[in-house]
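Here, residue 1 is the first one in the sequence, and each next residue gets the next number.
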Amino acid sequence: MSEWKKRCAEEWSLQGAPMPDSQDWKSVYDAKPLGRNLLKNPSPHGVSKDTPPPEPDLPEEPRRGPPCFQPDGDFSGWTTSTETLPYDRSGIPAGAVICQLPRYSWFTMEQVVDLKAEGLWDELLDDFQPEIFIQDWYKENRLHKSIFELHVKLLGADKITVISEHSAKPTEDRSAYSHTWKEVSYVFSGYGPGVRYVHFQHRLKHQYLNGFYEALSSDSSVMVRPTKTSA
């Protein structure tokens with residue numbers, strides 16, 4: 001066994017995992033693809049789950065003028081888009097005069113992780129099928145009962161074929177508020193051969209009512225763990 005191959009096997013406890021001699025093990029060791037976050041810029045809003053969410057929940061100085069749904073942050077590494085939603089008039093009695101209604105929008109951030117480019121190899125993904133751990137955090141708030149969605153897909157080499165997927169759409173208890181970060185996580189295991197990419201997408205619901213009131217996320221993560229599970 002080559003020195004670099006031995007280092008990889010020992011560092012990530014890969015006993016029983018296929019490790020072909022044809023692999024460039026020094027490159028794999030340098031890339032360190034196992035046990036680290038493979039997403040770029042995981043906290044684009046500039047906040048961390050390890051510190052309390054910022055106060056206040058609503059802006060001190062509302063912005064006047066037409067609705068603006070673009071949050072602040074450095075979104076390099078992410079593809080972003082905004083979907084402005086229709087006004088919600090449900091629950092308004094017929095004939096009632098309403099001066100203003102809140103306007104909501106979904107702000108979507110997504111990335112595609114190339115597992116082989118990050119240092120993983122075909123035999124490991126196809127035969128060993130290590131766990132792929134997904135984790136995300138969002139700030140609890142009372143803007144709406146639904147403020148966060150997570151959608152993750154494991155894709156084949158063509159970046160189109162969906163081999164496995166998971167979605168989470170938590171709802172908020174607006175009567176109870178603890179001002180904290182909420183975790184959403186999932187583990188892909190036994191997903192079958194052919195996975196080469198991970199498509200990570202989450203959506204945050206923002207509100208505009210004489211000011212921009214945003215939801216926040218932090219510490220998004222896609223991590224391949226050197227743990228084999230049965231299909």
Side-chain angles (χ1 to χ4, degrees), residues 1-2 4-44 75-81 107-137 148-169 183-204 217-231:
M1 179 182 293
S2 71
W4 291 108
K5 182 177 179 179
K6 182 179 179 181
R7 287 191 187 187
C8 291
E10 291 177 349
E11 177 147 339
W12 297 308
S13 301
L14 292 175
Q15 291 79 11
M19 301 182 68
D21 292 335
S22 57
Q23 190 72 30
D24 181 351
W25 293 108
K26 183 180 186 304
S27 295
V28 172
Y29 187 84
D30 290 342
K32 293 182 168 36
L34 293 161
R36 69 173 173 88
N37 189 359
L38 302 180
L39 287 179
K40 297 176 174 62
N41 188 17
S43 300
F75 299 101
S76 57
W78 296 90
T79 299
T80 65
S81 61
F107 181 66
T108 300
M109 294 180 284
E110 53 192 320
Q111 281 191 45
V112 176
V113 177
D114 184 336
L115 296 174
K116 291 188 66 177
E118 294 293 342
L120 297 164
W121 56 101
D122 291 346
E123 294 82 358
L124 183 80
L125 294 169
D126 292 343
D127 301 329
F128 196 73
Q129 295 174 30
E131 290 182 348
I132 300 176
F133 176 59
I134 309 298
Q135 187 180 49
D136 210 358
W137 299 80
F148 175 88
E149 293 183 0
L150 175 68
H151 306 279
V152 184
K153 297 178 181 179
L154 305 187
L155 305 177
D158 59 2
K159 290 189 180 182
I160 298 173
T161 302
V162 178
I163 295 174
S164 186
E165 60 185 314
H166 175 74
S167 294
K169 299 179 181 180
E183 179 188 11
V184 178
S185 62
Y186 184 74
V187 178
F188 287 98
S189 62
Y191 39 79
V195 173
R196 296 295 180 268
Y197 298 91
V198 179
H199 180 264
F200 180 98
Q201 179 195 84
H202 65 201
R203 307 206 302 165
L204 297 167
S217 65
S218 179
D219 297 273
S220 306
S221 179
V222 171
M223 184 182 296
V224 180
R225 305 194 294 201
T227 303
K228 177 180 172 61
T229 55
S230 301

At their closest point, which heavy atom of W78 faces which heavy atom of L39, and how far apart are they?
CH2-CD1, 4.3 Å
On a heavy-atom basis, which atom in P20 and which in K5 lie closest, and how many Å separate them?
C-NZ, 4.3 Å
So, using salt bridge (charged side-chain N to carboxylate O under 4.0 Å, His left out) as the criterion, who are the partners of D126 when residues are at least two apart?
R196
Suppose we screen for salt bridge (charged side-chain N to carboxylate O under 4.0 Å, His left out). Which residues come up paired with K32, at least two apart in sequence or across chains?
none
Roughly how far apart are I134 CD1 and S221 OG, rounded to 0.5 Å?
7.5 Å
Closest approach of E131 to S189 (non-hydrogen atoms, all atoms of both residues)
CG-CB, 4.3 Å
For E118, check side chain to side chain contact (heavy atoms under 4.5 Å, CB included) against everything at least two apart and list the hits.
R36, L38, K40, V113
Are the side chains of I132 and Y186 in touch, meaning some heavy atoms are under 4.5 Å apart?
no
By side-chain hydrogen bond (donor to acceptor under 3.5 Å, both in side chains) - contacts of D114 (at least two apart):
none
Of all the heavy-atom pairs spanning H202 and S217, show the shortest one and how long it is.
CE1-OG, 3.3 Å
Tell me which donor-acceptor pairs under 3.5 Å the side chains of residues 151-166 have, and how far apart each pair is, sequence neighbours excluded?
{"residue": "H151", "atom": "ND1", "partner": "S167", "partner atom": "OG", "Å": "2.9"}
{"residue": "H151", "atom": "NE2", "partner": "E149", "partner atom": "OE1", "Å": "3.1"}
{"residue": "D158", "atom": "OD1", "partner": "I160", "partner atom": "N", "Å": "2.9"}
{"residue": "D158", "atom": "OD1", "partner": "T161", "partner atom": "N", "Å": "2.9"}
{"residue": "D158", "atom": "OD1", "partner": "T161", "partner atom": "OG1", "Å": "3.3"}
{"residue": "D158", "atom": "OD2", "partner": "T161", "partner atom": "OG1", "Å": "2.8"}

Min side-chain heavy-atom separation W12-P33 under 4.5 Å
yes
Which residues share a ring pair (Phe, Tyr, Trp, His ring centres under 6.0 Å) with W121, sequence neighbours left out
W25
Should L204 and F148 count as side-chain neighbours, where that means a heavy-atom distance under 4.5 Å?
yes
T79 meets the side chain to side chain contact (heavy atoms under 4.5 Å, CB included) criterion, sequence neighbours left out, with E110
Could you tell me if the side chain of R7 sits less than 4.5 Å from the side chain of S2, heavy atoms only?
no
State, with a plain yes or no, whether a side-chain heavy atom of P130 is found less than 4.5 Å away from one of P226.
no
What's the spacing between L124 CG and Q23 CD if we round to 0.5 Å?
9.5 Å
Does D30 have any salt bridge (charged side-chain N to carboxylate O under 4.0 Å, His left out) partners at least two apart in sequence or in another chain, and if so, which?
K26
For S81, what residues pass the side-chain hydrogen bond (donor to acceptor under 3.5 Å, both in side chains) criterion, not counting sequence neighbours?
none
Residue list, side-chain hydrogen bond (donor to acceptor under 3.5 Å, both in side chains) with Y29, at least two apart or on another chain
E11
Closest non-hydrogen contact found for Y197 with V112 is CD2-CG1, 3.9 Å
Hey, what do you get for CZ (F128) to CG (L14), rounding to the nearest 0.5 Å?
6.5 Å
Backbone of D219 reached by a side-chain donor or acceptor of S43 within 3.5 Å:
yes
Out of curiosity, T108 OG1 to R203 CZ, how far, rounded to the nearest 0.5 Å?
5.0 Å
Taking side chain to side chain contact (heavy atoms under 4.5 Å, CB included) as the definition, give me every residue that meets it alongside S13, ordered by chain and number, with sequence neighbours left out.
Q15
Is any side-chain heavy atom of S220 closer than 4.5 Å to a side-chain heavy atom of D136?
yes
K116: which residues meet the side-chain hydrogen bond (donor to acceptor under 3.5 Å, both in side chains) condition with it, sequence neighbours left out?
D122
CG-CD distance between N41 and Q111, expressed to the nearest 0.5 angstrom
7.5 Å
